[in-house]
Amino acid sequence: MKRPLGLLFLALLTLAGALPAGAAAKLRVIATIPDLKALTEAVGGDLVEVDSLARSNQNPHDLEVRPSLMVKLRRADALVVNGLELDQWAEAVIRGANNARVVPGSPGYIDASRGIPVLDVPTVRVDRSMGDVHPLGNPHYTVDPGLAPIVTQTLLEGLARLAPEQRPALERQRQAFLARLEPALARWQTTLAPLQAARFVVYHNDFGYFFRRFGLRQLGTIEERPGIPPSPAHLARLVRDMKDAGARVVIVVEPWSDHKLAARLAEEAGARVAVVNARLGAASGSEAYLASVEANVTALAQAAR
Amino acid sequence: MRAWRIAAIVTVLAGFPATAAAQDAEALRREIEQLRQQMERSQREYQKSLETLTERLQRLESRPQPPAPTAVTPPPATPPTVAAPAAPATAPPGLADLARPRQPFTLYGERRQGQLLFDIGVAADLVGNVVQRNVEKAQAGTFAGRENRFFPREVELALFGQIDPYARGEVRIEAAEEFEDGERSLEVNLAEAYLTLLTLPFSTQAKLGFMRNRFGLLNERHLHDGPQVDRPNVLVKFLGDEGLRESGAELTWVPPLPFYMQALVGVFNGDNDEAFGRGSLKAPLVTGRLRSFFELGDAHALQLGVSAATGETPDRRRSTLAGLDAKFKFTPEGWRHSLLTVGGEWLYSNRTVEVFDATGAGADRKRKRTGWYAYAEVQPWQRWLGGVRYDWTQYPVDPGDEWAVEPYIAFSPSEFLRFRLAYKHTERSHRVTGPDDRGSGRILDELLFQATFFLGAHSTHGF
């Protein structure tokens, strides 16, 4: 019994030594959500190799902590978290990955929410009768391209901490990204301007930053309270509000939302459904974030037409 | 003819006021419409200024301390500019800052005013059972000595968080209704208190303190986090009611492999009443575990584990446990929860016991016993779940065995509240009697129910 175990241990050690620990000069970065992966790629370019823990079709609120996520984090140089209690499950991934470089407080732990002017910060006492509320405020800031300059600055600082010699290159890449973002933002403003007359119903309140950025109006949420499935009474009220809105109503759903329910509500209220964030993670590289926002803008514009 | 003329004049005279009145009504309607539009305009303006003020207020309140200017602000009225790169309000620490040892007050600075430095949570697990009278008399039910009662099985206060940049700590205190020596009482105990060193080299981590051992699939889990109302009989028989919960240290290593593998070795006092109990580091309980994980596409996931523990019993005889475990989940694409979960464990016990013959002479004998359980559950809706568990076990020292089958359903209005209802049928190979040879616990038919709620923070659990 002792001998096979000893041999197995030896084999693992040998394998560990044989693997190219630092073969590539690229920084290995893991982001918790696809948006942050895209933004890190925009800043890091060829200097980084980025992967995301959550896939594009997974709800980032309640990701199941699988050991496969720990494998991804096991050899990472940096971990980019969304923060504001969106991706708290990352703590369990960190604990299982045994990687000292990415634990909270280490240089490789980058909280992308730093410096974000957070919306919906509760000003009154909150409790769970309100559902699974975010006590630190709305954590869905990455969907707002107007906040990308702040996020990319935080990412730049984090990456430059790990590779100070690459700071000029990272800064250049960030500036190049911002130069592409600026005209894109103006274009999206123009595209979405006519939609200010429309009303939007979301499944979960995760487009707050985006709607404010582009002056769009949210009529309600399908979830009665965050994280709690809607009751029939709430849905009946929502349908009534949608019918009474006197404007084009668009139901905004994400890949993990209940699409059947959204379709039923749309049929009952004469609304349309727009699937957003469907392209998250579909593209890779410095253009991925812009492509994702572009797809969202197009989906909303087509549905509200 | 004259009459016709008179009639026409009368009609015109009568109709004139009506026409005038209609014109008045039309003017009035127009006026009302104007007023309505004016009101709507005012309302919109008020709404707009209210939103602006709310936005400004939120911006001020959410501004990190100390405040620093940001180039990009929350959604403005005009298209935003991104030409000027924005610096975060609180710049990330520089290299010099990172090299400096961190102090607790530095970490406090990361938090908002009024926040604690750690998380606090309460998990309350209330259970009840209904069972035959003869089983109650024999005190041989799943909740021995608490048959036909509803009681707090485990009300846990958990305090956890980062101790400093290098370690994380968890302390759990639990209150529960216990049954011991024929008496029921409400007791408060330390359930766990340990720290985890997170920044050790060579991909290792160490856990020190009083903890639930990572042995098999369910031992590490608290009762309120188990997949069924009760623990499988095999675990209770081999590891006792509380499971393996020991004081000592565990070291884990995650080797750099393309798939997940965690190797664990632990050294403990050996305080477990059922399997070990020597309680001394001179003859410690040594544990080991290898856990691996495979993803078969995005939807299918399989975890495999092998565990071992060896130590001494209070009478200094060797006791060894070995186990195999597996868990499979099927989660259709885009689902927030698994549709199908299948799990199970197999345990083997090899314990040396002293056996006395007819003359009273004692001799050491090996007791090699085994047991297993398996369960499958289906969760077609977010709130509803149904499953069934089967388990069979020999007794670790005494002769005989028992099997049980337990179908169950669970309803969770939210992730912080859960109700479970189960029916459990158990058959033992022998009759179990209570004090004064009362009752009989050979065949049990039990109705079990459970209400579990969580207040505040709750640690994220693994696969």
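Only heavy atoms go into these numbers, but all of them, side chains included; no hydrogens, no water, no symmetry mates. Letters A, B, ... mirror the listed sequences (proteins, then strands); counts begin at 1.
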At what distance, to the nearest 0.5 angstrom, does CH2 of B:Trp335 lie from CG of A:Asp258?
10.0 Å

Separation of B:Gln162 CD from A:Glu91 CD (nearest 0.5 Å)
7.5 Å

Considering all heavy atoms, the nearest [X]-[Y] contact:
X: A:Asp132; Y: B:Glu415; value: OD2-OE2, 3.2 Å
X: B:Thr199; Y: A:Ala100; value: CA-CB, 3.4 Å
X: B:Arg383; Y: A:Ile228; value: NH2-CG2, 3.7 Å
X: A:Pro229; Y: B:Pro413; value: CD-O, 4.1 Å
X: B:Val254; Y: A:Asn98; value: CG2-CG, 3.6 Å
X: A:Gly227; Y: B:Gln382; value: O-NE2, 4.3 Å

Choice from [options] maximising heavy atom contacts with chain B below 4.5 Å:
options: A:Ala92, A:Gly96, A:Ser68, A:Gly137; result: A:Ser68
options: A:Gln58, A:His61, A:Arg128; result: A:Arg128
options: A:Arg95, A:Met70, A:Gln88, A:Glu254; result: A:Arg95
options: A:Asn99, A:Val102, A:Asp62; result: A:Asp62
options: A:Thr190, A:Thr152, A:Val103; result: A:Val103

Residue [X] versus chain B: region with a heavy atom under 4.5 Å:
X: A:Leu69; answer: neither
X: A:Ala97; answer: backbone
X: A:Arg225; answer: neither

Around atom CD of A:Gln196, are there more than 12 heavy atoms of other residues, nucleotides or ligands at under 6.0 Å?
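Enclosed.
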
Which atoms of [X] come close to chain A, meaning under 4.5 Å heavy atom to heavy atom: side chain ones, backbone ones, both, or neither?
X: B:Pro201; value: neither
X: B:Ser338; value: side chain
X: B:Ser203; value: both
X: B:Glu295; value: side chain
X: B:Phe294; value: neither

One pair to check against side chain to side chain contact (heavy atoms under 4.5 Å, CB included): A:Arg66 and B:Thr331. What are the steps and the verdict?
CA-CA 12 Å; A:Arg66 292 182 172 190; B:Thr331 310; 3.8 Å; yes

Which of the residues B:Thr252, B:Thr196, B:Leu200, B:Leu197 is involved in the greatest number of heavy-atom pairs with chain A at under 4.5 angstrom?
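Ranked by contacts with chain A, first place is B:Thr252.
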
Only pairs of heavy atoms separated by less than 4.5 Å count here; which of B:Phe463, B:Phe202, B:Phe259, B:Phe416 has the most with chain A?
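Among B:Phe463, B:Phe202, B:Phe259, B:Phe416, the one with the most close pairs to chain A is B:Phe416.
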
